[in-house]
*Asks:* 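Handing you this structure, nothing more for now.
Starting from 1, each residue takes its place in the sequence as its number. Remember, it's 1-based here, ligands and their atoms both numbered in the order they're listed.
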Amino acid sequence: MAFPKIRMRRLRSSESMRRLVRETTVAVDDLVYPLFIREGEGIKKPIKSLTGCFHFSPDTIAAEAREVAALGIPAVLLFGLPAKKDPKGLQAWSETGVVQLAVKEIKNAVPNLLVVTDVCLCEYTDHGHCGVIKNGKLDNDATCELLAKMALSHAQAGADIVAPSDMMDGRVRYIREALEQNNFHDVAIMSYAAKFASAFYGPFRDAAESAPSPDFAGTALADRKTYQMDPADARQALAEIALDVEEGADIVMVKPALPYLDIIYRASHRFDCPIAAYSVSGEYMMVNCAADAGLLDRHAAMLETLTAIKRAGADIIITYFAKNAAKKMQNPK
Ligand code: PBG
């Protein structure tokens, strides 16, 4: 007879009691804040599709990096918007590319803030795909070679972690080899290992100007489904993660986060390396739009979401809420 000996509500009777027994807490140490760098000077411009986020030029990024570091956030993740795009994405590995310049600015200003760079061609190609196209198809291996060049140029600029997000087969191996051959033994790879072809990337593609060209309408290249994963496949997600670990990834990522908590959970039980979860732009804007409409409490929904992702097993959470969450953690009232 459990009741009345057992009353589950005893452990919920006050905030202090709830704090004492709480199983999961999100720390500022867990957070990564994404930043968008565009070509130009003196730019700090709000991004319409991502409430509270900005486009920066390389010369304005140091101030933002200092603010992020002062909040205790350990890392930023950089995305680049070049002025010129072409079929191969040549700006992606240019020494004077926007991300390369921004990495140098940040490492000069706040050496202890970890700089993670997104390694993917979609922001740099004029057609908007994450790789190069040959005969109407993505050329997997040719893309890997370019991604390795891109990752190497980020390492040369001073990046601490490179994060390939393209979903080509074998790219982690290409990148690891390029880094080792050039003596970047300590540059870590955080691979977007299980990245799903998700509708929740919508606001990001607007922010990063990286959607596949409308010219592909009606073809196999209309979307990213020939390389990003089908949302229905969990076993393949685990296979993808295992391959990236074998090829030399130090941290593996599941993306998006909220609709894929089961994948995060299973990955965290199966793999002995840190698991990152990317709570993507659509997840962020769902909360913001509902809050703007007066339908839910922005901060409570934010913290509940982050807690759920951590509870599922994520060690690292990449989120546009990072600054907000860090502020809330410093000053909960
Ligand atoms: C680039 C990339 C994307 C995101 C991160 N890196 C977009 C995509 O795959 O189309 C999405 C991030 C977000 O939605 O917040 N490949």
Side-chain angles (χ1 to χ4, degrees), residues 31-37 47-55 76-82 85 89 91-92 98-99 116-125 127-133 138 140 143-144 146-147 150-151 154 161-168 171-172 175 189-214 216 221-231 240 252-260 276-289 302 305-306 309 316-323:
L31 305 177
V32 178
Y33 187 55
L35 291 170
F36 296 88
I37 322 291
I47 301 176
K48 268 212 195 83
S49 66
L50 280 176
T51 310
C53 298
F54 295 82
H55 282 131
V76 290
L77 168 60
L78 304 188
F79 295 97
L81 287 83
K85 304 191 188 213
Q91 283 301 308
V98 272
V99 165
V116 190
T117 55
D118 186 77
V119 176
C120 187
L121 298 180
C122 64
E123 293 124 53
Y124 299 87
T125 52
H127 48 71
H129 272 293
C130 303
V132 283
I133 296 171
L138 263 270
N140 187 91
T143 300
C144 288
L146 301 182
L147 294 168
M150 183 179 185
H154 290 172
I161 304 177
V162 291
S165 68
D166 55 287
M167 288 301 281
M168 296 301 122
R171 88 283 204 205
V172 173
I175 292 171
I189 299 177
M190 174 165 77
S191 74
Y192 291 64
K195 175 171 178 178
F196 291 87
S198 172
F200 291 96
Y201 306 149
F204 173 96
R205 289 186 189 164
D206 215 51
E209 298 168 3
S210 66
S213 156
F216 294 119
L221 291 178
D223 51 43
R224 304 204 199 288
K225 289 180 186 169
T226 69
Y227 43 107
Q228 297 180 351
M229 292 192 56
D230 189 299
E240 283 279 6
V252 289
M253 190 200 298
V254 175
K255 176 186 175 189
L258 266 194
Y260 298 89
Y278 197 144
S279 188
V280 301
S281 55
E283 298 174 50
Y284 175 73
M285 287 310 287
M286 279 198 299
V287 171
N288 277 316
C289 292
M302 165 186 82
T305 302
L306 296 176
I309 297 167
I316 299 166
I317 306 173
I318 301 162
T319 171
Y320 303 97
F321 276 126
K323 283 172 71 181

*Asks:* Determine the sole option in Phe204, Tyr201, Phe200, Phe321 for which the ring-ring contact (aromatic ring centres under 6.0 Å, His included) test with Tyr284 is passed.
*Replies:*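 So, applying the ring-ring contact (aromatic ring centres under 6.0 Å, His included) to Tyr284 and each of Phe204, Tyr201, Phe200, Phe321, only Phe321 qualifies.
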*Asks:* Around atom 6 (N) of ligand 1, find the nearest protein heavy atom and jot down its residue, atom name and distance.
*Replies:*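 Checked against all protein heavy atoms, atom 6 (N) of ligand 1 sits closest to Lys255 NZ, 3.3 Å.
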*Asks:* Give a yes or no on whether the backbone of Leu258 and the side-chain of Glu283 come within a donor-acceptor separation of less than 3.5 Å.
*Replies:*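 Such a contact is found between Glu283 side chain and Leu258 backbone.
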*Asks:* Just which atoms of ligand 1 are under 4.0 Å from any heavy atom in Asp118?
*Replies:*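 Answer for ligand 1: 6 (N).
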*Asks:* Of the side chain and backbone of Asp166, name the one, both, or neither that has a heavy atom under 4.0 Å from an atom of ligand 1.
*Replies:*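 Within the 4.0 Å criterion, Asp166 makes no contact with ligand 1.
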*Asks:* Counting both backbone and side chain atoms, is some N or O of Ser210 under 3.5 Å from an N or O of ligand 1?
*Replies:*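 No, there is no polar N/O contact under 3.5 Å.
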*Asks:* Should the pair Tyr278 and Phe79 be assigned to parallel (<30°), tilted (30 to 60°) or perpendicular (>60°) ring geometry?
*Replies:*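 The rings of Tyr278 and Phe79 sit tilted, inter-plane angle from 30° to 60°.
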*Asks:* State the atoms of ligand 1, each with its element, that fall below the 4.0 Å cut-off from a heavy-atom position in Tyr278.
*Replies:*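 Result: 12 (C), 15 (O).
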*Asks:* Within this structure, what is the CZ-NZ distance for the pair Phe196 and Lys255, rounded to the nearest 0.5 Å?
*Replies:*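 The CZ atom of Phe196 sits 12.0 Å away from the NZ atom of Lys255.
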*Asks:* I need the nearest protein heavy-atom contact for atom 14 (O) of ligand 1: residue, atom name and distance, please.
*Replies:*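 Among all protein heavy atoms, the one nearest atom 14 (O) of ligand 1 is Ser281 OG, 2.7 Å.
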*Asks:* Show which atoms of ligand 1 fall inside a sub-4.0 Å distance from at least one heavy-atom site of Cys122.
*Replies:*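 Every atom of ligand 1 under 4.0 Å from some heavy atom of Cys122: 1 (C), 16 (N).
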*Asks:* Quick check on contacts: which atoms of ligand 1 are under 4.0 angstrom from a heavy atom of Gln228?
*Replies:*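 Near Gln228, meaning under 4.0 Å from one of its heavy atoms, ligand 1 has 8 (C), 9 (O).
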*Asks:* Nearest 0.5 Å, please: how far is CE in Met190 from OG in Ser165?
*Replies:*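 Atom-to-atom, Ser165:OG and Met190:CE are 10.0 Å apart.
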*Asks:* So how far is it from Met168 CE to Tyr227 OH, rounded to the nearest 0.5 Å?
*Replies:*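 Rounded to the nearest 0.5 Å, the CE-OH separation comes out at 6.0 Å.
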*Asks:* Has the side chain of Ser213 got a donor or acceptor atom that lies under 3.5 Å from a matching backbone atom of His127?
*Replies:*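 Here the side-chain-to-backbone pair does not exist.
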*Asks:* I'd like to check which ligand 1 atoms, numbered from 1 as shown, lie under 4.0 Å from a non-hydrogen atom of Arg224.
*Replies:*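 It comes down to these atoms of ligand 1: 8 (C), 9 (O), 10 (O).
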*Asks:* Is Cys120 touching ligand 1 with its side chain, its backbone, both, or neither, if touching means heavy atoms under 4.0 Å apart?
*Replies:*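 The answer is the side chain of Cys120.
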*Asks:* Starting from atom 15 (O) of ligand 1, what is the nearest protein heavy atom, named by residue and atom, and what distance separates them?
*Replies:*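 Of the protein heavy atoms, Tyr320 OH, 2.6 Å lies nearest.
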*Asks:* When you measure from atom 10 (O) of ligand 1 to every protein heavy atom, which one gives the shortest distance, and what is it?
*Replies:*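 Of the protein heavy atoms, Arg205 NE, 2.6 Å lies nearest.
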*Asks:* Is there a donor-acceptor pair under 3.5 Å between the side chain of Thr125 and the backbone N or O of Gly89?
*Replies:*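 Side chain of Thr125 to backbone of Gly89, a donor-acceptor pair under 3.5 Å: no, none is there.
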*Asks:* Considering Glu123, His129, Lys195, Met167, which one's heavy-atom position lies nearest to atom 16 (N) of ligand 1?
*Replies:*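 Ranked by closest heavy atom to atom 16 (N) of ligand 1, first place is Lys195.
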*Asks:* What is the minimum heavy-atom distance between Ala322 and Val32, and which atoms define it?
*Replies:*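 Result for this residue pair: CB-O, 3.9 Å.
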